[in-house]
Amino acid sequence: MAAVGPKSTSQPPTSGDRRLADKALRRLEKLYELCMNPLLGLRNNPPCLPDLISETVMLLIEIWEPYQGSKASNSQMPRGDETYYLRVHIRNLLDKVNRALLLFKEGQEKIFEETSSYRRNLTKLSLLFSHMLWELKALFPEGRFHGDTYRVTKSEAEEFWRHSFGNKCIVQWTTFKQQLKSVHAFEEGMESMALKSTIDLTCNDHISIFEFDIFIRLFQPWMSLIRNWNQLAVTHPGYMAFLTYDQVEGRLKHYLHRPGSYIYRLSCTRMGQWAIGHVTTDGAVVQTIPQNTPLYLALIQGFKEGCYLYPDGRDVNPDLTSLCEPSQRGKVKVTEEQYELYCDIGSTFQLCKICAERDKDTRIQPCGHLLCQPCLSGWQDPKTDRISQKIKGVEGKVSVISSLCSSEPTD
């Protein structure tokens with residue numbers, strides 16, 4: 001199979017790229033000033049937005065310095081798809097910074113209220129900034145590009161990436177999806193969108209080798225990758241995405257009367273690992289990161305020990321013992337009811353859980369689940385999803401106060 005993806009370029013970033021980078025730096029400085037307002041009361045628990053902005057600015061200056069002014073013509077030629085990655089990254093960064101600034105502008109005094117939609121959206125963006133920073137540090141250690149030599153942790157996944165994409169460090173989602181489907185079966189439409197929302201940590205419609213590596217480490221082993229993802233991130237009520245350490249603690253405090261209640265999400269201080277929070281027998285909330293153990297084994301062991309009994313406070317705790325069995329190659333079937341669980345608004349804030357980008361503004365009848373209009377349109381295409389036949393009608397412009405979740409404990 002020939003390597004696919006964007007063509008590599010040996011040309012340095014253009015003057016337009018440099019202007020966008022300068023613009024992003026100016027906007028980041030403005031966002032930093034707004035975040036330092038004492039009325040905002042941002043805590044030091046991860047992800048701490050002011051710290052993320054400061055570290056991002058310093059790294060960006062180091063990365064872009066060789067391409068600034070007169071130095072640009074004398075700098076070394078970029079390696080591989082360095083220019084392509086920088087272009088994708090800086091445009092995505094600028095987009096997210098502009099969204100954050102808009103929250104301050106439109107939210108005004110409400111941005112200072114922790115329960116407001118503006119504040120929750122700012123928290124979601126802080127997680128995206130964290131993911132973008134981790135990716136940038138992984139591909140540009142000490143400010144110099146090494147994306148073409150980045151190694152995926154698991155050997156089988158590394159072989160897949162190199163065979164499919166060569167030395168590229170980033171490819172478009174559609175390109176990545178096509179190659180992944182050649183070795184792991186999954187359906188177009190809803191399943192594909194849900195998969196993208198899990199892998200595309202930086203929400204830029206591209207998959208970097210770093211994001212791929214994180215996904216593989218979270219849902220290993222390679223042979224049962226999609227099966228593990230379906231059971232741990234799609235149908236399991238304990239999975240949360242885009243929630244901070246403080247929000248996890250706040251959520252679990254509703255279940256202090258029920259020891260053994262737990263939720264889990266991606267760690268943002270230790271990328272590629274899980275963070276699990278649970279209520280102890282003495283009514284405390286403890287958050288831990290399992291070391292050198294696949295998540296399903298940690299959950300199984302925690303169940304035996306009485307720690308992980310009630311996912312998100314619910315009575316039914318999924319049996320994960322089947323994940324200990326060898327995977328049977330072939331199509332992984334997921335029922336409509338399981339996908340309804342994935343869309344359960346009780347485990348989301350106001351963001352659509354499929355794309356994790358837009359607000360949910362449409363209600364599906366008769367089930368009552370909420371999502372955004374573009375994702376609904378994807379479902380309604382009979383060529384892409386048989387579930388669309390079950391959709392009876394919609395109601396627009398509804399308000400939601402739940403959320404996606406993922407972050408972690410302080411180290």
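Keep in mind that this is a model prediction, so the values were computed, not measured.
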Non-hydrogen atoms of Thr288 and Tyr308 that approach each other most closely:
OG1-OH, 3.9 Å
Approximate separation, where rounding is to 0.5 Å, of Leu128 CG and Thr202 OG1
8.0 Å
Ignoring hydrogens, what is the shortest heavy-atom contact between Leu136 and Tyr85? Give both atom names and the distance.
CD1-CE2, 3.9 Å
Leu139 CG to Glu82 CD distance, which is reported to the nearest 0.5 Å
10.5 Å
Is there a side chain to side chain donor-acceptor pair (under 3.5 Å) between Glu135 and Ser208? Walk through the geometry before answering.
CA-CA 8 Å; Glu135 180 181 270; Ser208 71; 2.6 Å; yes
Any donor-acceptor N/O pair, Ser54 side chain to Asp51 backbone, under 3.5 Å:
no
Could you give the distance from CG (Leu295) to CG (Leu320), rounded to the nearest 0.5 Å?
7.5 Å
N-O pairing of Glu55 and Lys137 below 4.0 Å:
yes
Sorted by chain and residue number, the side-chain hydrogen bond (donor to acceptor under 3.5 Å, both in side chains) partners of Asn98 (sequence neighbours excluded) come out as Arg27
N-O pairing of Asp17 and Arg87 below 4.0 Å
yes
Is a side-chain donor or acceptor of Glu211 paired with a backbone partner of Leu201 at a separation under 3.5 angstrom?
yes
What closest approach, in Å, do Lys96 and Met132 show between heavy atoms, and which atom pair accounts for it?
CG-CE, 3.7 Å
Within a strict 4.5 Å, meaning less than it, do heavy atoms of the Phe129 and Lys124 side chains meet?
no
Pairs flagged by side chain to side chain donor-acceptor pair (under 3.5 Å) wherever residues 141-155 is involved - sequence neighbours left out
Arg79-Asp148, Tyr150-Asp213, Arg151-Glu158, Thr153-Asp213, Lys154-Gln220
Is it the case that atom NZ in Lys105 sees more than 12 heavy atoms from other parts of the structure closer than 6.0 Å?
no
Candidate list Leu252, Leu309, Leu299, test side chain to side chain contact (heavy atoms under 4.5 Å, CB included), partner Tyr262, passing option:
Leu299
Just wondering, are more than 12 heavy atoms of other shown residues or ligands nearer than 6.0 Å to CZ in Phe104?
yes
Would Lys110 and Tyr118 count as a cation-pi pair here, with the cationic atom under 6.0 angstrom from the ring centre and within 45° of the axis?
no
Whether Thr280 side chain and Ala284 backbone form a donor-acceptor pair below 3.5 Å:
yes
Has the side chain of Asp200 got a donor or acceptor atom that lies under 3.5 Å from a matching backbone atom of Asp205?
yes
With rounding to the nearest 0.5 angstrom, report the NE2 to CD1 distance, His206 to Ile199.
14.5 Å
Tyr296 side chain vs Thr321 backbone, donor-acceptor pair below 3.5 Å:
no
Exercise: do Arg265 and Gln247 side chains pair donor with acceptor under 3.5 Å
no
Centres of the Trp222 and Phe160 rings: under 6.0 Å?
yes
What pair of heavy atoms forms the shortest contact from Ser261 to Arg258, and how long is it?
OG-O, 2.9 Å
Please lay out, stage by stage, how Lys177 and Glu188 fare under the test salt bridge (charged side-chain N to carboxylate O under 4.0 Å, His left out).
CA-CA 10 Å; Lys177 179 179 66 172; Glu188 286 288 350; 3.0 Å; yes
Salt-bridge test for Arg91 and Asp95: reply yes if a basic N is under 4.0 Å from a carboxylate O, no otherwise.
no
Identify the heavy atoms of Leu59 and Phe140 that sit nearest to each other, and give their distance.
CD1-O, 4.1 Å
Side chain to side chain donor-acceptor pair (under 3.5 Å) between His278 and Tyr310: does it pass, once the steps are laid out?
CA-CA 9 Å; His278 76 282; Tyr310 310 109; over 6 Å; no
Distance in Å, Leu25 CG paired with Glu29 CD, rounded so as to fall on 0.5 Å steps:
6.5 Å
For the residue pair Trp274 and Tyr239, categorise the inter-ring angle as parallel (less than 30°), tilted (30 to 60°) or perpendicular (more than 60°).
perpendicular
Which heavy atom in Ala24 sits nearest to a heavy atom in Leu93, and how many Å separate them?
CB-CD2, 4.4 Å
In Å and rounded to the nearest 0.5 Å, what is the CD to CD1 distance from Glu33 to Ile53?
10.5 Å
